Amino acid sequence: MTVAKYVIGNWKMNGDYALVMQMIAALRSMGPLDNVTTVICPPFTLLHSFAELLGMGHIHLGAQDCGTEISGARTGDISAAMLIEQNCRYAIVGHSERRRYQMESNEVVAAKAANAQAAGLMPVICVGENLAEREEEQAEIIVEEQVTAVLKKLKNAAVIFAYEPVWAIGTGQVASHSDIAGMHDVIRARAAKHDFKDVAVLYGGSVKPENAGGILALGGVDGVLLGGASIDPDAFIAIAKTAHHLP
Ligand code: PEP
């Protein structure tokens with residue numbers, strides 16, 4: 001049986017209206033792809049333009065973050081309800097750049113994921129060890145802690161994790177297939193322990209058109225989370241087509 005794969009693009013703090021138009025044109029010519037769920041997460045400021053121009057069912061919108069609170073005195077934050085109003089269906093939480101530069105703890109990430117879920121967004125929860133943690137053979141422990149902190153706060157419903165080893169993000173260094181498969185099993189086992197059954201696990205970290213096929217073909221990989229490749233329309237579409245053509 002062929003299982004649908006996610007191809008999710010995180011534009012980070014990149015892109016402008018011109019790139020939105022370029023991407024929309026490319027996505028229109030791509031058309032819908034069976035067995036692929038395609039999601040774009042542009043900066044907040046481009047969500048509205050994207051939604052206005054998108055007008056088609058085969059691409060979904062996601063946000064790169066979501067607030068810990070429902071509303072109120074949180075200057076600069078964006079609530080889950082605001083994201084729903086901007087036609088988002090997904091929200092990335094716990095990206096390693098936010099954990100690092102905004103000092104987001106596992107508890108903060110868990111609060112964001114719970115808020116996203118409560119509002120009707122699908123949380124895409126990023127987890128992953130840094131290089132020092134890997135070298136100290138702590139990778140599994142770190143990832144298990146990150147996963148557990150979130151699952152404790154979530155209602156038992158569908159959820160997406162993205163395993164993104166920090167040392168693989170934007171470096172051109174991809175985790176080995178056996179490391180990816182092994183950590184995906186760890187995440188799934190932890191989810192099963194908490195009785196979560198509808199769990200998708202994606203890989204992220206220097207995925208490009210050249211290496212996407214091998215990663216997407218791995219048994220426990222339900223899709224990919226793309227950074228750099230997501231702001232290159234040709235690369236993004238090439239990866240979505242690779243997912244579509246998997247046997
Ligand atoms: C990311 O930041 O989530 C990511 C996977 O980035 P890149 O694909 O550029 O490594």
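Computation of the quantities below employed the complete heavy-atom set of this structure, encompassing side-chain atoms and omitting hydrogens, waters and symmetry-equivalent molecules. Read the numbers this way: they start at 1 and go in the same order the structure lists the ligands and their atoms. Bear in mind that the values here come from a model prediction, so they are computed numbers and not experimental data.
Nearest to atom 2 (O) of ligand 1 among the protein's heavy atoms is Lys12 NZ, 2.5 Å. Protein heavy atom nearest atom 1 (C) of ligand 1, with residue, atom name and distance: His95 NE2, 3.2 Å.
Using a 4.0 Å cut-off to heavy atoms of Gly228, the atoms of ligand 1 that qualify are 7 (P), 8 (O), 9 (O). Counting the atoms of ligand 1 from 1 in the order shown, those under 4.0 Å from a heavy atom of Gly170 are 7 (P), 9 (O), 10 (O). Heavy-atom proximity to Ala168, at under 4.0 Å, picks out these atoms of ligand 1: 10 (O). Those atoms of ligand 1 with a heavy atom of Leu225 less than 4.0 angstrom away are 5 (C). Near Ser206, the atoms of ligand 1 lying under 4.0 angstrom from a non-hydrogen atom of the residue are 7 (P), 8 (O), 10 (O). Near Ile169, meaning under 4.0 Å from any of its heavy atoms, are these atoms of ligand 1: 1 (C), 2 (O), 4 (C), 6 (O), 10 (O).
Using the six-membered ring where Trp is involved, Tyr203 and His184 have ring planes that are tilted, between 30° and 60° apart. Below 30°, between 30° and 60°, or above 60°: for His60 and Tyr90 the angle between ring planes is between 30° and 60°, a tilted geometry.
Considering both main-chain and side-chain atoms, Gly227 comes within under 3.5 Å of ligand 1 through a nitrogen or oxygen pair. Between Gly205 and ligand 1, no N or O atom pair is found at a separation short of 3.5 Å. For the pair Glu164 and ligand 1, the shortest N or O to N or O distance falls below 3.5 Å.
The residues Lys153 and Glu107 are annotated as not salt-bridged, no charged nitrogen and carboxylate oxygen being separated by less than 4.0 angstrom. A salt bridge links Arg74 with Glu69: the closest approach of a Lys/Arg side-chain nitrogen to an acidic carboxylate oxygen falls below 4.0 angstrom.
A 6.0 Å sphere centred on CZ of Arg89 holds no more than 12 heavy atoms belonging to other residues, nucleotides or ligands.
The hydrophobic cluster analysis finds Val166 isolated: no Ile, Leu, Val, Met, Phe, Trp or Tyr side chain comes under 4.5 Å of it, directly or through other members.
Under the rule for a side chain to side chain contact (heavy atoms under 4.5 Å, CB included), the partners of His194 that lie at least two apart in sequence or sit in another chain are Thr148, Leu151, Lys152, Arg190, Phe196.
Contact annotation: Ala229 has no heavy atom less than 4.0 Å from any atom of ligand 1.
For Ser96, no heavy-atom contact with ligand 1 is shorter than 4.0 Å.
Two rings, from Trp11 and Phe236, have their centers 6.0 Å or more apart.
Linking ILVMFWY residues whenever their side-chain heavy atoms come closer than 4.5 Å, directly or via other members, places Ile84 and Ile40 in the same cluster.
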